Amino acid sequence: MDLMHHSSTFLLPTIPLHHGPSLTYALVVLNQTLPRFAPLLWKHAQLRLCADGGANRVFDEMPLLFPEEDASDVRRRYKPDVIKGDMDSIRKEVLDFYSSLGTEIIDKSHDQDTTDLHKCITYIRDFTPDVNKSSQLCILVAGALGGRYDHEMGNLNVLYCFSSLRIVLLSDDSLIYLLPRTLHHEIHIQTSVEGPHCGLIPIGVPSRSSTTTGLRWNLNNTEMRFGGLISSSNIVVGEKVTVQSDTDLLWTISIKKL
């Protein structure tokens with residue numbers, strides 16, 4: 001079984017060239033409070049999208065992260081490449097502002113069967129035809145956790161809808177991504193910015209057998225299911241965690257407040 005490497009180097013000011021696979025980053029901003037490290041994610045990304053009302057967040061909150069600078073200068077500097085969604089949340093003045101700067105506006109109000117995040121992931125997948133999606137593309141989603149629980153569950157569902165893509169859901173406090181069952185996983189912990197609290201969660205179907213190393217409470221061919229054991233409130237004890245399971249698992253780890 002192939003090995004998949006994971007690392008949260010996108011939370012570092014500079015991504016080490018020698019650390020793991022070379023990734024192309026895309027950023028999607030959702031309609032939740034921007035994480036304090038949003039400018040860092042923006043810098044690392046080569047493609048930046050706002051999902052509908054996420055544009056309001058960039059317009060309103062990005063200047064608050066640069067209180068010494070003129071707000072209009074910050075807004076021009078942090079111009080999304082694309083705004084896509086059903087357009088029921090973005091304010092008209094925000095839409096007009098970014099449109100005047102050349103942002104591509106994609107109105108998908110006719111599609112009420114998929115979330116705005118789903119729409120944005122589809123755009124990124126189709127926009128990057130020359131990138132090996134499974135190994136080289138990593139999509140960072142800011143504002144994906146917290147707020148309305150149904151929205152949060154919709155965001156988790158997107159991980160399963162696009163299970164062949166690297167997608168990382170982020171809030172100010174934690175991150176989540178999917179560990180597909182078809183691969184063994186090696187997670188390189190960036191101890192300066194994340195941890196130690198972590199979890200492995202089976203969603204949808206039980207795991208009959210999951211095995212880990214690098215955790216305070218490791219799993220050893222352990223069964224996990226809702227209504228029984230799940231590996232919540234675990235602790236990373238080193239700089240590498242390995243995971244293999246007979247079912248897809250969600251990996252989550254806390255993000256440190258520096």
Side-chain angles (χ1 to χ4, degrees), residues 10 25-67 69 71-127 138-162 165 167-177 255:
F10 51 81
Y25 290 100
L27 173 64
V28 180
V29 180
L30 302 186
N31 192 12
Q32 286 292 332
T33 302
L34 292 182
R36 63 195 181 283
F37 46 82
L40 188 62
L41 304 180
W42 196 282
K43 182 185 78 168
H44 292 324
Q46 294 177 251
L47 179 65
R48 299 114 177 175
L49 288 81
C50 289
D52 193 3
N56 297 339
R57 299 290 181 164
V58 174
F59 185 90
D60 294 339
E61 298 175 19
M62 199 67 89
L64 301 180
L65 300 175
F66 299 92
E69 298 187 39
S72 61
D73 291 340
V74 175
R75 287 175 179 138
R76 287 181 174 85
R77 184 163 76 244
Y78 291 96
K79 175 191 77 69
D81 299 303
V82 178
I83 299 171
K84 184 176 182 179
D86 59 11
M87 301 301 170
D88 64 348
S89 300
I90 187 171
R91 303 196 306 271
K92 184 178 185 303
E93 70 268 24
V94 174
L95 184 64
D96 291 345
F97 176 80
Y98 288 125
S99 181
S100 71
L101 295 179
T103 295
E104 181 181 2
I105 310 298
I106 304 175
D107 186 339
K108 288 291 183 178
S109 54
H110 63 279
D111 177 8
Q112 293 298 314
D113 292 331
T114 61
T115 65
D116 288 334
L117 175 57
H118 192 289
K119 294 175 176 67
C120 288
I121 299 297
T122 300
Y123 178 94
I124 295 169
R125 181 196 62 193
D126 297 342
F127 183 83
C138 182
I139 302 172
L140 309 174
V141 185
L145 307 172
R148 276 175 48 186
Y149 185 66
D150 59 328
H151 283 170
E152 190 171 53
M153 292 303 293
N155 296 336
L156 293 175
N157 185 54
V158 166
L159 298 183
Y160 288 82
C161 292
F162 297 91
L165 299 180
I167 303 174
V168 184
L169 306 182
L170 293 140
S171 71
D172 218 35
D173 304 307
S174 61
L175 62 82
I176 296 176
Y177 51 82
I255 297 175

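Since we're looking at a predicted model, the values are computed, not measured.
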Review point. Does D116 reach the main-chain N or O of D86 with its side chain, forming a donor-acceptor pair under 3.5 Å?
Key: yes
Practice item. Look up atom CZ in F10 and atom CG in L40, then write down how far apart they are to the nearest 0.5 Å. Key: 9.5 Å
Check your understanding: Between E69 (side chain) and V74 (backbone), is there a donor-acceptor pair under 3.5 Å?
Key -> no
Check your understanding: If every non-hydrogen atom of Y78 is compared with every non-hydrogen atom of V58, which pair is closest and at what distance?
Key -> O-CG1, 3.5 Å
Check your understanding: Are any of the side-chain heavy atoms of P80 and L49 separated by less than 4.5 Å?
Key -> no
Review point. Salt bridge check: are K119 and D107 linked by an N-O gap of less than 4.0 Å?
Key: no
Exercise for review: Could you tell me whether the side chain of E93 reaches within less than 4.5 Å of the side chain of D96, counting heavy atoms only?
Suggested key: no
Exercise for review: Kindly compute the distance separating CG (L165) from OH (Y177), expressed to the nearest 0.5 Å.
Suggested key: 15.5 Å
Exercise for review: Please tell me if the side chains of Y25 and L41 come closer than 4.5 Å, counting only heavy atoms from C-beta onward.
Suggested key: no
Exercise for review: Measure the shortest side-chain to side-chain distance between K108 and I106 over non-hydrogen atoms and say whether it is less than 4.5 angstrom.
Suggested key: yes
Review point. Is the number of heavy atoms from other residues, nucleotides or ligands under 6.0 Å of K79 NZ greater than 12?
Key: yes
Revision key, fill the gap. Residue pairs meeting side chain to side chain donor-acceptor pair (under 3.5 Å), one or both in residues 40-50, sequence neighbours left out, come to none
Check your understanding: Can you tell me how far CG of N56 sits from CD1 of I83, rounded to the nearest 0.5 angstrom?
Key -> 8.5 Å
Exercise for review: Identify the heavy atoms of M87 and I90 that sit nearest to each other, and give their distance.
Suggested key: SD-CG2, 3.9 Å
Practice item. Ignoring hydrogens and angles, state whether a donor on the side chain of Y123 or E104 is under 3.5 Å from an acceptor on the partner side chain. Key: yes
Exercise for review: Taking T103 for its side chain and S99 for its backbone only, find out whether a donor-acceptor pair lies under 3.5 Å.
Suggested key: no
Exercise for review: Supply the atom-to-atom distance F59 CZ to Y98 OH, rounded to the nearest 0.5 angstrom.
Suggested key: 6.5 Å
Point to revise | R36 side chain vs D172 backbone, donor-acceptor pair below 3.5 Å | key: yes
Point to revise | Donor-acceptor under 3.5 Å (E152 side chain, L145 main chain) | key: no
Practice item. Give the minimum heavy-atom separation between L65 and P39, together with the two atoms involved. Key: CD1-CD, 3.6 Å
Point to revise | Nearest atoms (heavy-atom pairs only) where P35 meets G143 | key: CD-N, 4.3 Å
Check your understanding: Under 3.5 Å, side chain of K84 to main-chain N/O of C50, donor-acceptor pair present?
Key -> no
Revision key, fill the gap. Test side-chain contact (heavy atoms from CB on, under 4.5 Å), reference L170, set L27, L30, V141, L140, output is L140
Practice item. Could you tell me whether the side chain of D52 and the main chain of S89 form a donor-acceptor pair under 3.5 Å? Key: yes
Point to revise | Worked check of side-chain contact (heavy atoms from CB on, under 4.5 Å) between T115 and V158 | key: CA-CA 9 Å; T115 65; V158 166; 3.9 Å; yes
**Study point:** N155 side, atom CG; S171 side, atom OG - distance, nearest 0.5 Å
**Key:** 11.0 Å
Check your understanding: With respect to I167, which candidate in L159, L117, I124 satisfies the side-chain contact (heavy atoms from CB on, under 4.5 Å) definition?
Key -> L159
Review point. Roughly how far, to the nearest 0.5 Å, is the CD atom of Q32 from the CD atom of E61?
Key: 9.5 Å
Check your understanding: Between I255 and L175, does a side-chain contact (heavy atoms from CB on, under 4.5 Å) hold up when you go through it step by step?
Key -> CA-CA 7 Å; I255 297 175; L175 62 82; 4.2 Å; yes
Exercise for review: Answer yes or no for R77 and F66: cation-pi contact, defined as NZ/CZ to six-membered ring centre under 6.0 Å and angle to ring axis within 45°.
Suggested key: yes
